[in-house]
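Comments concern the structure below.
Throughout, numbering of the chain's residues begins at 1 and tracks the sequence.
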Amino acid sequence: MFWDAIFLQLGYNATLVTIGACFLGIAAGVTGTFLFLRKRALVSDAISHATLPGVALAFIIMVSFGLDGRNLIGLLAGSAVSAWFGLLCVSWLTRFTRLAEDAAIGAVLSVFFGFGIVLLTVIQSMSAGRQAGLEGFLLGSTAGMLWNDAIIIVVGGALTLAIVLAYRRPMEMVSFDPEFAAASGLNVARIDLIIMWLAMAVTVVGLKIVGLILIVAMLIIPPVTARFWTDRTDRVALISGGVGGAAGYLGAALSASAPSLPTGPIIVLVSFAFFAVSLFFAPNRGVLAAFLRHRSFQRRVHLRQGLLALAQGQPIYEALTLKLLRNADLARADGVATETGRARAAKALRDEKRWEIVRADQAFEGAAALYDGLREIETVLTSDQIQEIDQRIGGPKGVLS
């Protein structure tokens with residue numbers, strides 16, 4: 001069943017949902033990159049919660065004029081107006097009051113969401129509201145999605161992605177260094193507004209599939225996941241779009257293969273699965289890579305200290321140190337240095353003396369800044385400089401056996 005869903009073989013509705021979710025995931029991932037880099041992740045939360053009153057008011061207005069209250073274009077238009085008003089409220093509170101941005105966001109999202117819930121309660125008491133199904137906008141509802149609905153989602157996601165590509169360079173500059181961007185002649189406030197509008201567009205388009213509560217995850221989880229894999233903005237945006245699209249596609253396919261599973265939450269869980277894999281297995285920033293680097297550093301420290309102990313004829317008490325020396329054929333089981341170990345120990349002790357001179361001589365100030373106790377001195381100084389230092393130290397001494 002799952003593989004049938006993956007290859008779009010589960011019927012018309014499942015195919016529409018899967019393709020729409022894929023486009024939505026790509027648009028959300030790329031747009032969310034700039035929110036994440038601009039440290040405005042919580043703004044998307046305020047925007048998403050602010051859409052609920054707009055959805056409810058749009059339904060009431062359309063029903064009042066004798067129209068179909070469940071018309072998706074009308075509902076999305078209402079949510080867009082409401083989200084825009086919520087965004088203005090956050091901006092006004094941040095600029096003209098002493099509230100910090102996070103406090104303003106918390107106030108706006110809670111008030112707007114509470115007002116939306118009140119309006120949904122009112123709608124349920126209306127004769128036309130009992131079958132409205134507006135609660136599906138909270139967590140998403142793809143059951144019975146029509147062709148027109150899917151077209152709206154796909155076109156909305158594609159337009160959002162096109163605008164992101166058009167403004168990619170200025171948004172990158174503003175996200176990383178707004179002061180430099182302003183000095184370069186960019187209108188930082190306008191670029192910020194474009195980023196917020198794009199986030200609002202993705203939020204509005206994604207209401208039908210993911211819902212207003214979970215759409216923030218589609219905007220934030222993919223760029224956070226991508227950040228584990230690269231430091232370059234363009235690659236973060238590219239990977240984020242790929243993660244978002246894959247999460248949307250796989251999540252919708254999994255939901256279609258098990259109809260009792262809700263689409264929106266499954267998409268978010270698939271996104272989290274990508275995040276978890278990246279968190280643990282990313283080559284540079286992952287937990288496993290950090291553990292391996294720490295373990296390698298720890299072993300280098302133990303090996304270095306063991307060689308210095310051998311050079312000075314000191315007993316080795318640390319089991320790990322002795323084990324590492326034995327595995328490298330530098331010491332026997334009783335802690336006595338082998339022939340190779342004596343040579344390496346003498347070299348380690350001589351390097352320590354060389355570093356002492358380097359750190360004490362202002363002529364080597366630049367090289368001394370690189371000392372960390374493990375760095376090979378040959379990677380810092382030239383052979384002539386090392387020879388000069390050796391003349392001050394004197395001839396090498398052997399290691400006690």
Side-chain angles (χ1 to χ4, degrees), residues 24-25 27-58 75-120 134-140 156-157 160 163-164 171 174-175 178 188-224 240 244 264-265 267-268 271:
L24 172 65
V30 175
T31 303
T33 298
F34 301 100
L35 279 177
F36 169 68
L37 295 177
R38 195 73 175 93
K39 296 179 175 61
R40 296 285 180 84
L42 281 178
V43 173
S44 60
D45 206 15
I47 294 174
S48 64
H49 283 75
T51 58
L52 185 57
V55 171
L57 287 173
L75 294 176
L76 294 185
S79 66
V81 173
S82 179
W84 173 74
F85 184 63
L87 191 58
L88 287 181
C89 290
V90 171
S91 177
W92 186 87
L93 289 172
T94 304
R95 291 178 60 187
F96 298 105
T97 70
R98 294 185 177 182
L99 286 178
E101 187 176 54
D102 57 346
I105 290 171
V108 169
L109 73 84
S110 58
V111 170
F112 273 70
F113 190 68
F115 182 48
I117 294 297
V118 171
L119 290 177
L120 288 183
L134 297 185
E135 62 278 357
F137 283 89
L138 296 176
L139 296 174
T160 302
I163 296 173
V164 170
M171 287 195 299
V174 171
S175 297
V188 175
R190 186 175 68 179
I191 298 300
D192 266 338
L193 187 61
I194 290 173
I195 295 175
M196 294 301 105
W197 272 96
L198 289 171
M200 187 185 74
V202 170
T203 300
V204 170
V205 171
L207 288 179
K208 184 68 175 177
I209 292 181
V210 184
L212 64 90
I213 294 178
L214 296 177
I215 187 62
V216 63
M218 293 293 293
L219 285 164
I220 301 305
I221 294 179
V224 172
S240 178
I267 291 175
V268 173
S271 298

Please name the pair of heavy atoms, one in [X] and one in [Y], separated by the smallest distance, quoted to 0.1 Å.
{"X": "Ala80", "Y": "Met200", "result": "O-SD, 3.6 Å"}
{"X": "Leu75", "Y": "Ala58", "result": "CA-CB, 4.1 Å"}
{"X": "Gly29", "Y": "Ser240", "result": "O-OG, 2.5 Å"}
{"X": "Leu109", "Y": "Ala46", "result": "CB-CA, 3.9 Å"}
{"X": "Ala104", "Y": "Thr94", "result": "CB-OG1, 3.9 Å"}
{"X": "Met218", "Y": "Gly25", "result": "CE-CA, 3.6 Å"}

- Query: Does the Thr160 side chain pair with the main chain of Gly156, one donor and one acceptor, at a distance under 3.5 Å?
  - Reply: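 Here the side-chain-to-backbone pair exists.
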- Item | Donor-acceptor contact below 3.5 Å, side chain Ser82 vs main chain Ala50 |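 Answer holds: yes.
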- Query: Step by step, would you call Ile47 with Val90 a side chain to side chain contact (heavy atoms under 4.5 Å, CB included)?
  - Reply: CA-CA 9 Å; Ile47 294 174; Val90 171; over 6 Å; no
Approximate separation, where rounding is to 0.5 Å, of [X] [atom1] and [Y] [atom2]:
{"X": "Asp45", "Y": "Leu219", "atom1": "CG", "atom2": "CG", "result": "10.0 Å"}
{"X": "Leu212", "Y": "Ile215", "atom1": "CG", "atom2": "CD1", "result": "9.5 Å"}
{"X": "Ile195", "Y": "Thr31", "atom1": "CD1", "atom2": "OG1", "result": "9.5 Å"}
{"X": "Leu88", "Y": "Met196", "atom1": "CG", "atom2": "CE", "result": "12.5 Å"}
{"X": "Arg40", "Y": "Glu101", "atom1": "CZ", "atom2": "CD", "result": "4.5 Å"}
{"X": "Leu198", "Y": "Ser44", "atom1": "CG", "atom2": "OG", "result": "13.0 Å"}

[Y] side chain reached by [X] side chain, heavy atoms, under 4.5 Å:
{"X": "Leu93", "Y": "Ile105", "value": "no"}
{"X": "Val174", "Y": "Phe34", "value": "no"}
{"X": "Leu76", "Y": "Ser79", "value": "yes"}
{"X": "Pro53", "Y": "Phe85", "value": "no"}

- From CA spacing to verdict: side chain to side chain contact (heavy atoms under 4.5 Å, CB included), Cys89, Phe112: CA-CA 10 Å; Cys89 290; Phe112 273 70; 4.2 Å; yes
- Task: Please work out whether the ring planes of Trp84 and Trp197 are parallel, tilted or perpendicular, with thresholds of 30° and 60°.
- Result: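 The arrangement is tilted - the two ring planes meet at 30° to 60°.
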- Query: Hey, mind stepping through Val43 and Leu87 against side chain to side chain contact (heavy atoms under 4.5 Å, CB included) and telling me if it holds?
  - Reply: CA-CA 8 Å; Val43 173; Leu87 191 58; 3.8 Å; yes
